[in-house]
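Convention: sequence-line order gives letters A, B, ...; per-chain numbering from 1. All values below were derived from every heavy atom in this structure, side-chain atoms included, with hydrogens, water molecules and symmetry-related copies excluded. Fair warning: this is a prediction, and the values are worked out from it, not measured in the lab.
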Number of protein chains: 2
Amino acid sequence: MGASTTRQASPASEAWALMFELMHVSKQRFMAIASEFDLSPPQVMALRHLDTAEPKPMSELALALRCDNSNVTGIVDRLEDRGLVERRAAAHDRRVKMLTITERGAEVRARLGARLDEPPEPLARLSLEDQRTLRDVMRRALGRD
Amino acid sequence: MGASTTRQASPASEAWALMFELMHVSKQRFMAIASEFDLSPPQVMALRHLDTAEPKPMSELALALRCDNSNVTGIVDRLEDRGLVERRAAAHDRRVKMLTITERGAEVRARLGARLDEPPEPLARLSLEDQRTLRDVMRRALGRD
DNA sequence: TATTGTTATACTCTATAACTATA
DNA sequence: TATAGTTATAGAGTATAACAATA
């Protein structure tokens, strides 16, 4: 590294570092909320992924959680023990088990979602203009424009 | 909910959802990189937190990782076993153990950092103008302006 | 007495591999 | 044979509580 290499990080790099920092901080909030509902992080993700409307096979949940099928067994076991989700053999292929949310699960899911969807302090206190700008750039980043 | 309640999410809410999505996707990349170096996520965070320059007590690492002191013992154990960090009793208070990075640890840390600091695809492909905008808004969000 | 780090314990996540029941 | 989900196993993270050494 040369003496005068100010080596300014690219704007994307700095933005990424700041975003990473925000997520690290927000993880605490996530854990705290999950804890309030007595749910582990994967359990939260599972509950959020399962829609009230259509049943989904275990394998799809594994895909969404990006973990092995064998893990889903335990995660769903614990959710089922608490009456939040249900397993039912699929009609078309009895190897497949479809997951549905129970009424109680839907209620928990709704309250949970309300808490988690709330933007964290650092974003919430941005000016409305900055919020819109951030949203628009993120839309473009993820190809939602 | 009224029939005509379009109930548009606030800009911050949508930005937050998009950011959360980006982080969820980026987590895979993080795990893959950690895996390349044979490090678990907390081990990565620990290595990144420990500066080459000044030694830091275990308790500070626990604070940075936002976990209990007792966990740090195991995490540091495994890093020490691999010769990446070292424990030394502090001179001023022999209860305290100071952590330093070894030469080999520093080398791993540098290569690891180079990979992790690279912004993920969705951010990298933004226009330079969008990158700057994103950086500036994030700075304001985190009070770095 | 209070504090730093360790140990013991118990639970969850995680992947891999072997197994089952279906197909 | 191949596939969906389970079980068994082993390793790591996590918090809590009890403990040692030091302050």
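Contact annotation: Arg87(B) reaches the phosphate of dT6(C) (side-chain N/O to OP1 or OP2, under 4.0 Å). In terms of phosphate contacts, Arg88(A) brings no side-chain nitrogen or oxygen within less than 4.0 Å of OP1 or OP2 of dG5(D). Here Asn71(B) reaches the OP1 or OP2 of dA15(D): one of its side-chain N or O atoms lies under 4.0 Å away.
Sequence order on DNA chain D of the closest nucleotides to Glu60(A) and Arg78(B) puts Glu60(A) first from the 5' end.
Contact annotation for Ser40(A): backbone-only contact, meaning every heavy-atom pair under 4.0 Å involves sugar-phosphate atoms and none involves a base. Within 4.0 Å of Ser59(A), counting heavy atoms only, lie sugar-phosphate atoms of the nucleic acid but no base atom.
Here the C1' atom of nucleotide dT14(C) and the NZ atom of Lys27(B) are 11 Å apart, to the nearest Å. The distance from atom CG of Leu63(A) to atom P of dA4(D) is 11 Å, rounded to the nearest whole Å. Regarding Leu79(A), its CG atom lies at a distance of 12 Å from the C1' atom of dT12(C), rounded to whole Å. In this structure, Lys56(B) atom NZ and dG5(C) atom P are separated by 14 Å, rounded to whole Å. Across the protein-nucleic acid pair, Leu65(A) atom CG and dG5(D) atom P stand 13 Å apart, rounded to whole Å. In this structure, Lys97(A) places its NZ atom 14 Å from P of dT20(C), rounding to the nearest Å. Look at CE on Met31(A): it is 7 Å from P on dA15(D), rounded to the nearest Å. Leu61(A) has its CG atom 12 Å from the P atom of dC13(C), to the nearest Å.
Residue Pro42(B) has its side chain nearest to dT14(D) when only dT14(D), dT7(C), dA4(D) are considered. Candidate nucleotides dA15(D), dT16(C), dT4(C) were compared by shortest atom distance to the side chain of Asp68(B), and dA15(D) ranks first. Considering only the side chain of Ile75(B), dT14(D) comes nearest among dT4(C), dT14(D), dT16(C). Comparing atom distances between the Thr73(B) side chain and each of dA15(C), dG5(C), dT6(D) picks out dG5(C) as nearest.
Summarising the geometry, atom CG belonging to Leu65(B) is positioned 13.0 Å from atom CZ belonging to Arg48(B); distances are rounded to the nearest 0.5 Å. Ser13(A) contributes atom OG, which lies 11.0 Å from atom CG of Leu18(A) (distance to the nearest 0.5 angstrom).
Ion pairing between a basic and an acidic side chain is recognised when a charged N comes within 4.0 Å of a carboxylate O; Lys56(B) and Asp51(B) show no such pairing.
Every residue was checked against the side chain to side chain donor-acceptor pair (under 3.5 Å) condition with Asn71(B), not counting sequence neighbours, and none meets it. Partners of Asn69(A) under the side chain to side chain donor-acceptor pair (under 3.5 Å) rule, at least two apart in sequence or in another chain, do not exist in this structure.
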* **Verdict with supporting geometry, Thr100(B) and Val85(B), side chain to side chain contact (heavy atoms under 4.5 Å, CB included)** => CA-CA 6 Å; Thr100(B) 53; Val85(B) 308; over 6 Å; no
* To do: Determine, stepwise, if the pair Glu21(A) / Arg144(B) fulfils salt bridge (Lys or Arg N to Asp or Glu O under 4.0 Å).
  => CA-CA 12 Å; Glu21(A) 190 179 324; Arg144(B) 303 292 160 74; 2.4 Å; yes
* Structure fact -> Going 5' to 3' through nucleotides 18-23 of chain D and flagging B where a protein heavy-atom sits under 4.0 Å of the base, S where only the sugar-phosphate is that close, and - otherwise, we get ---BBS
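Taking every heavy atom of both residues into account, Arg104(B) and Gly83(B) meet most closely at CB-O, 4.1 Å.
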